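Below, all heavy atoms of this structure are taken into account, side chains as well, without hydrogens, waters or symmetry copies. By convention in this document, chain letters (A, B, ...) are assigned in the order of the sequence lines, proteins followed by strands, and residues within each chain are numbered from 1. Keep in mind that this is a model prediction, so the values were computed, not measured.
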There are 2 protein chains.
Amino acid sequence: MPESSEFLYPVKWLSKASAGDRVTCELRMRIICGLIGSGTILSENKLAADFSVSRSPIREALKTLASENIIRLERMGAVVVGLTEKEIEEIYDVRLLIESFVFERLVRMDINELVMELSKILEMMKIAIKYNDADEFSNQDILFHESIIRAVNHSYILMIWNNLRPVMESLILLSMRLRFKEKYDDFTRIIKNHELYIEAIKTKDRALMIKSLHQNFDDVQGKVEDLWKSQQMLAKGVEQQDD
Amino acid sequence: MPESSEFLYPVKWLSKASAGDRVTCELRMRIICGLIGSGTILSENKLAADFSVSRSPIREALKTLASENIIRLERMGAVVVGLTEKEIEEIYDVRLLIESFVFERLVRMDINELVMELSKILEMMKIAIKYNDADEFSNQDILFHESIIRAVNHSYILMIWNNLRPVMESLILLSMRLRFKEKYDDFTRIIKNHELYIEAIKTKDRALMIKSLHQNFDDVQGKVEDLWKSQQMLAKGVEQQDD
DNA sequence: GATATAATACTTGTATACAAGTATACTTGG
DNA sequence: CCAAGTATACTTGTATACAAGTATTATATC
């Protein structure tokens, strides 16, 4: 019985979104942080009632979440799969795979414009840290990697990214919110690491790129319990949210 | 515009499918073979009328096709992107990427059961050739590669495959239909090539695997014009049913 | 009491209706 | 004749209705 008043997904990111997208994003967050546990059976009608919408947007959401592999559509009800330790590792397998691929392309391209873009994003990230805005930081973090991927102009690599992105986004959001409360110091390291990534692109240093990518993963990866923790922390701190 | 009596997608594969899936598969085939050209704007209402269904299954289809990157959902109408030479190459970039990844995992696994499975599929392919069944041959061809990918039990690699699969399927279907009519001899080579792939897995010979994978691509790749040709050939094969 | 059968309360997929928004064509005033 | 506003015909997203199917439970029969 989730109260429709509490939202895990940043509400301001949904300002122009449809009800379907809203439900998709919120459900994803709840599943990934463990609020809706693995094995739970989701009913279209029940969800519709909980979110006070009709079945149409719910169906849309379930289809999307199924394509992201966090629920499984069966003949009767959608069963929550969620993320185990293993799956989080698998996500990073894929990121490593595609970002390495992208890097190979980058070294044969003019990367001036990209480096400029990345520097801008890095500045934004610093501001987000300064103002304690975990959500905005996450947003820029994702944008950072997305910009790199977009730069090579490969529609099917971009397709993979797009399929992966939402789950990544949820993971990063939860991870960063926790860090902002508990391990604020981490951010200087994260920033430094992103500077390393830019450096790797500038100097076309493959090894450096892999290294910084790995470090980046360690920064976000976290254990599944942490996601739980993140959610509970948020539940306690809802009042602070409206600043 | 398109006559609902002619279907490019094998009808028997849709026996238990919903109207939404039917429309998705058929639309995809028409887009990929060029029957519905790039730039065409698809209207939900018009499609609904053409396929004699309501907007619900059409919306579902458009969402799916958009996630496959062959149409783009804009604020007014869905615009067909289709496949250019470049995109077909990109698909194979991704396949090479994931099948290489999978191979690395395979060499550290017990592959007896998989080899057995692949041998079975290969037998099936031979039968399909014998009975001139291009569609069944395509089906088994895809199953061959899917079995390999499934074997490593990596949910996010499988996710990529699942996102790629439908477009691949259409490409292979069109390519194989053409071959059965024009280049029947090719199949002995394709079979031999798959035997090579099995051999590569058995002996865990990475180079051999890459080689056979590349050859496999050459077998299907074909030019975009060929897809056109394939469709036109089919159109002639079907008794003109214009009204 | 155990098994077959019927009633029920769900489920899914599709159709249809409607509000709100947006491009196109059509007026109307200058 | 053109600019500006208005009407119109489309669009999307959501709600709702309904048929057909599938589990679950209750009932009847042996």
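- Residue contacts for S18(B): at a heavy-atom cut-off of 4.0 Å it reaches the sugar-phosphate backbone alone, with no base atom in range.
- Atoms CD1 (I58(B)) and C1' (dT12(D)) sit 15 Å apart, rounded to a whole Å.
- Between F51(B) and F7(B), the ring planes lie tilted relative to each other; the angle falls in the 30° to 60° range.
- Look at CG on L14(A): it is 16 Å from C1' on dG13(D), rounded to the nearest Å.
- No donor-acceptor distance shorter than 3.5 angstrom exists from the side chain of S38(B) to the backbone of V80(B), with no hydrogens or angles considered.
- For the pair R22(B) CZ and dT12(C) P, the interatomic distance rounds to 19 Å; values are reported in whole Å.
- In the set dG13(D), dG13(C), dG21(D), the nucleotide with an atom closest to the side chain of R55(B) is dG13(D).
- Shown here for I121(A) and S147(A), the closest heavy-atom pair between the two residues is CD1-OG, 3.4 Å.
- Under a 3.5 Å cut-off, the side chain of E87(A) and the backbone N or O of T84(A) do form a donor-acceptor pair.
- Toward the 5′ end of DNA chain D lies the nearest nucleotide of E44(B), the other residue of the pair V53(A) and E44(B) mapping further downstream.
- Comparing dT14(D), dA23(C), dT11(C) by their closest approach to the side chain of M76(B) singles out dA23(C).
- Protein atom CZ of R59(A) is 16 Å distant from nucleotide atom P of dG13(D), rounded to whole Å.
- Each of K16(A) and L62(A) lies near DNA chain C, and the nucleotide nearest L62(A) is the one positioned closer to the 5' end.
- For E74(A) and dT22(D), the CD to C1' distance is 14 Å, given to the nearest whole Å.
- Checking the phosphate oxygens (OP1, OP2) of dT14(C), no side-chain nitrogen or oxygen of S54(B) falls inside 4.0 Å.
- Of the candidates dA23(D), dA23(C), dT11(C), the closest approach to any side-chain atom of R75(B) belongs to dA23(C).
- For E60(B), the listed nucleotide lying nearest its side chain is dT14(C); candidates were dT12(D), dT14(C), dA23(C).
- Taking a cutoff of 4.0 Å between a charged side-chain nitrogen and a carboxylate oxygen, R22(B) and E26(B) do not qualify as a salt bridge.
- Contact annotation: N45(A) side-chain N/O to dT11(C) OP1/OP2 distance is under 4.0 Å.
- Between the CG atom of L42(B) and the C1' atom of dT11(D) there is a distance of 14 Å, given to the nearest Å.
- OP1 or OP2 of dT11(D) sits under 4.0 Å from a side-chain N or O of S43(B).
- Going from atom CD1 of I41(B) over to atom P of dA23(C) covers 12 Å, rounded to whole Å.
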